[in-house]
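Below is one structure; the comments refer to it alone.
In what follows, chains are A, B, ... by sequence order, proteins preceding strands, each numbered from 1.
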Number of protein chains: 2
Amino acid sequence: MTITIKHIADKAGVSRGTVDRVLNGRTGVKPEVRERVLAIAKEMDYSPNVAAKALAYSKKPILFGVVMPPREISFFDEVRRGIQNAADELKDLGIRLEYEYVNNRKQEESAAAIDKLVEMGADGILFSAMDNDLTRASIDRAVKQGVPVVTFNSDVENSSRVCFIGQDLPKSGRIAAGLLSRILKADSKVLVVTGSLNFHAHRSRVKSFQDNLQQTRSDIEIVNVVEGFDQYELTFSQIDQALHQEPGIEGIYMATGDVGACIDAIKRHGKEGKVKVVCNDLLPETERGMKEGIIDFTIVQNPSMQGYRALRILFDHRFLGKPPEIEYYFTETNIMIPESM
Amino acid sequence: MTITIKHIADKAGVSRGTVDRVLNGRTGVKPEVRERVLAIAKEMDYSPNVAAKALAYSKKPILFGVVMPPREISFFDEVRRGIQNAADELKDLGIRLEYEYVNNRKQEESAAAIDKLVEMGADGILFSAMDNDLTRASIDRAVKQGVPVVTFNSDVENSSRVCFIGQDLPKSGRIAAGLLSRILKADSKVLVVTGSLNFHAHRSRVKSFQDNLQQTRSDIEIVNVVEGFDQYELTFSQIDQALHQEPGIEGIYMATGDVGACIDAIKRHGKEGKVKVVCNDLLPETERGMKEGIIDFTIVQNPSMQGYRALRILFDHRFLGKPPEIEYYFTETNIMIPESM
DNA sequence: ATGAAAGCGCTAACAT
DNA sequence: ATGTTAGCGCTTTCAT
């Protein structure tokens with residue numbers, strides 16, 4: 001038989017109201033009573049009934065804030081879809097969502113969004129935007145006020161967010177190395193393109209790629225690691241230049257950055273299909289590149305699952321009292337080829 | 001504001017009990033009243049509150065039967081895990097599971113399991129076992145009695161099951177062709193291994209593989225398509241023989257069948273790493289083959305998601321009154337390399 | 001600090 | 001054929 005607060009109340013010789021106060025950390029219970037109730041709940045292995053809780057909360061649902069880049073950033077379409085899927089499932093389970101779309105280049109916006117949500121009385125926050133001192137401070141403040149923050153897709157390091165859900169960057173670099181090592185012949189030359197080596201996230205894939213390629217295919221030479229700073233023009237000219245200087249390049253790893261620029265540079269040199277390309281994610285340009293036979297493999301991070309899991313984790317935490325078990329949740333790292341589409 | 005049966009009852013000038021009878025297809029309502037209530041519900045865009053429904057059902061939960069192969073079949077570990085995940089999420093939402101493990105070689109067992117569950121009063125059945133006339137008949141009988149059946153992982157064709165959730169077989173064959181076409185050099189010879197071409201499911205991958213390879217790489221020759229009937233001995237001898245007769249084989253596509261046999265045959269010929277191998281799924285032997293550098297790629301079908309989705313679909317159908325929108329639900333087809341593990 | 005009781009939306013048993 | 005009512009397990013308001 002399943003244990004309810006009534007059972008606990010009876011055993012503890014108190015009312016259901018008191019048990020509720022204890023179990024939900026509300027004030028106004030004598031410490032010794034609290035202890036006793038807690039002990040009994042544990043002993044009976046009590047866990048709350050989701051449906052009942054949800055129904056009781058339906059008057060005043062729990063509010064979760066979602067901070068993420070606006071609709072224009074197409075990469076986040078999938079992430080948003082995942083959040084929406086989870087929200088649909090939890091629709092009647094006593095939660096409500098409040099979205100805050102922020103320009104992820106402006107750090108004040110990200111920080112302000114968190115403050116605003118806390119102000120509104122949010123019971124938890126899903127966050128995916130700028131990693132900087134201002135947002136870090138806002139997150140720390142929110143958490144201190146009892147509002148847990150879960151970061152997704154891109155983390156805010158050294159903050160007090162409860163956990164992060166996103167991709168395993170070293171794994172994606174390792175897989176990229178594995179793929180190129182299987183399609184390049186002996187003594188090939190490889191170019192690596194990234195955004196900025198100043199960012200941990202960008203460096204991480206590159207480092208792992210280098211380490212793994214070196215280890216398994218020491219005959220392959222990485223001729224250069226160039227930075228495109230996530231801008232089309234810069235990326236294009238970097239790749240263009242590299243292909244000029246080293247006509248022998250047979251493989252490109254687009255660790256981060258503008259895939260469209262890479263496609264165009266390759267076309268300019270008439271190297272379609274001759275240079276093997278491995279990149280990340282599945283944006284419209286990537287699809288185009290795959291269909292045109294320029295991109296051979298792309299490594300994807302399951303963005304919709306990131307959104308879905310982030311919301312479920314926050315729900316389990318706030319609603320069911322099950323804190324996240326680990327600090328880093330990694331979504332699957334998958335490989336796609338043109339035939340996968 | 002959200003619509004409840006109370007609103008409908010008021011507007012229709014009847015009691016909540018009557019609305020409940022109509023909305024849940026129970027008997028004992030005058031046809032004209034039924035019409036009216038239905039019309040109003042539609043007009044008000046009513047959808048039931050999950051939490052409330054779940055709570056009310058907690059006395060007598062909805063019973064779902066699950067028919068699948070026993071624990072010994074390790075492939076199904078993941079599928080079972082997916083079902084369990086969904087069951088945990090739905091734990092308090094008024095459903096209960098009853099497992100029936102059947103030997104998927106014995107057709108009587110599969111059919112009997114369905115009959116037994118219907119007998120027990122199951123409100124829906126998840127089925128993954130033998131596709132034959134006996135089970136087909138059982139499924140048809142169950143459905144006729146109002147017990148919807150959802151098949152997962154392997155379908156029962158031409159039966160009245162409401163939908164199937166599993167992999168996209170042609171896609172997996174197409175991806176296999178795409179992979180081999182990227183790692184084999186010009187004029188390579190390829191061997192295809194499958195279970196039995198008599199089975200639609202086994203034939204499907206092979207056909208798609210052939211078609212796609214032919215189309216993109218007409219220089220590659222498929223020297224033979226052999227059948228191993230899912231037995232180690234037969235598979236081993238078939239591959240062994242093929243490697244003898246055609247020492248020039250540089251690629252093997254294990255469409256279905258015993259991967260361990262393939263690994264051993266390659267070892268016997270000292271062809272580790274020389275023959276490129278693409279196979280399916282991720283069983284312990286596959287992992288071993290990948291670690292030993294014998295298997296280059298394996299194409300996986302996300303088995304845990306098959307279990308998870310199957311249960312959610314049945315839940316949505318029976319509990320929320322949302323019938324499946326499509327007949328075939330395909331889980332993602334992913335590519336793994338040794339570095340993916 | 002604690003108890004009692006109403007109510008969340010729905011189902012089911014009982015009444016009529 | 002239809003209305004009434006007592007729960008389902010939990011939260012919250014109002015008493016005490």
Side-chain angles (χ1 to χ4, degrees), chain A residues 1-38 41 44 46-63 91-96 123 318-321, chain B residues 1-38 41 44 46-63 90-96 121 123 318-321:
Chain A
M1 199 211 46
T2 154
I3 306 298
T4 72
I5 52 169
K6 178 102 186 12
H7 296 128
I8 300 178
D10 290 349
K11 190 148 184 180
V14 297
S15 74
R16 291 162 6 175
T18 300
V19 175
D20 178 68
R21 284 173 197 116
V22 172
L23 260 26
N24 292 285
R26 295 183 236 285
T27 56
V29 181
K30 223 190 304 181
E32 59 187 77
V33 176
R34 157 158 280 133
E35 293 300 318
R36 186 151 43 95
V37 169
L38 244 24
M44 298 181 105
Y46 169 80
S47 89
N49 181 298
V50 183
K53 232 178 143 126
L55 194 54
Y57 268 116
S58 59
K59 289 181 183 177
K60 189 177 178 295
I62 284 188
L63 176 68
K91 176 171 68 62
D92 290 338
L93 299 190
I95 69 152
R96 204 167 62 73
D123 300 291
R318 284 305 307 229
F319 200 85
L320 304 183
Chain B
M1 199 212 44
T2 155
I3 307 298
T4 72
I5 52 169
K6 178 106 188 13
H7 297 129
I8 300 178
D10 289 350
K11 191 149 184 179
V14 297
S15 74
R16 291 159 23 188
T18 300
V19 175
D20 177 66
R21 282 172 198 118
V22 173
L23 261 25
N24 292 285
R26 295 183 238 282
T27 56
V29 182
K30 223 191 305 180
E32 58 186 82
V33 176
R34 158 157 279 133
E35 293 299 316
R36 186 150 43 93
V37 169
L38 244 24
M44 297 180 107
Y46 169 79
S47 88
N49 181 298
V50 182
K53 232 178 142 121
L55 195 54
Y57 269 116
S58 59
K59 288 181 184 177
K60 191 179 177 297
I62 285 187
L63 176 68
L90 303 177
K91 176 172 67 67
D92 291 337
L93 299 190
I95 70 153
R96 205 167 61 73
D123 299 291
R318 284 306 305 231
F319 199 86
L320 305 182

OP1, OP2 of C:dG9 versus side-chain N and O of B:Y57: anything below 4.0 Å? no
Once you apply a heavy-atom cut-off of 4.0 Å, does A:G13 come out as touching a base, just sugar-phosphate, or nothing? sugar-phosphate
Phosphate contact (D:dT11 OP1 or OP2) by A:K53 side-chain N/O below 4.0 Å: yes
Looking at C:dG3, D:dA6, D:dT12, which one has an atom nearest to any side-chain atom of B:R16? D:dA6
Considering every strand and a 4.0 Å limit on heavy-atom distances, what is the contact class for A:N24: base, sugar-phosphate, or nothing? sugar-phosphate
Taking NZ, NE, NH1 and NH2 as the nitrogens, is one of them in A:D20 or A:R16 under 4.0 Å from a carboxylate oxygen of the other? no
Report yes if at least one side-chain N or O of B:T18 is closer than 4.0 Å to OP1 or OP2 of D:dG3; otherwise report no. yes
So what does A:D20 touch, heavy atoms closer than 4.0 Å: a base, only the sugar-phosphate, or nothing? base
What contact category does A:R34 fall into here, base, sugar-phosphate, or nothing, at under 4.0 angstrom with non-hydrogen atoms? nothing
So what does B:Y46 hit on the nucleic acid, given a heavy-atom distance under 4.0 Å: a base, only sugar-phosphate, or nothing? sugar-phosphate
Return the 5'-most residue of the pair B:S15, A:A52 with respect to DNA chain D, ranking by each residue's nearest nucleotide. B:S15
Less than 4.0 angstrom between a side-chain N/O of B:T4 and OP1 or OP2 of C:dG9, yes or no? no
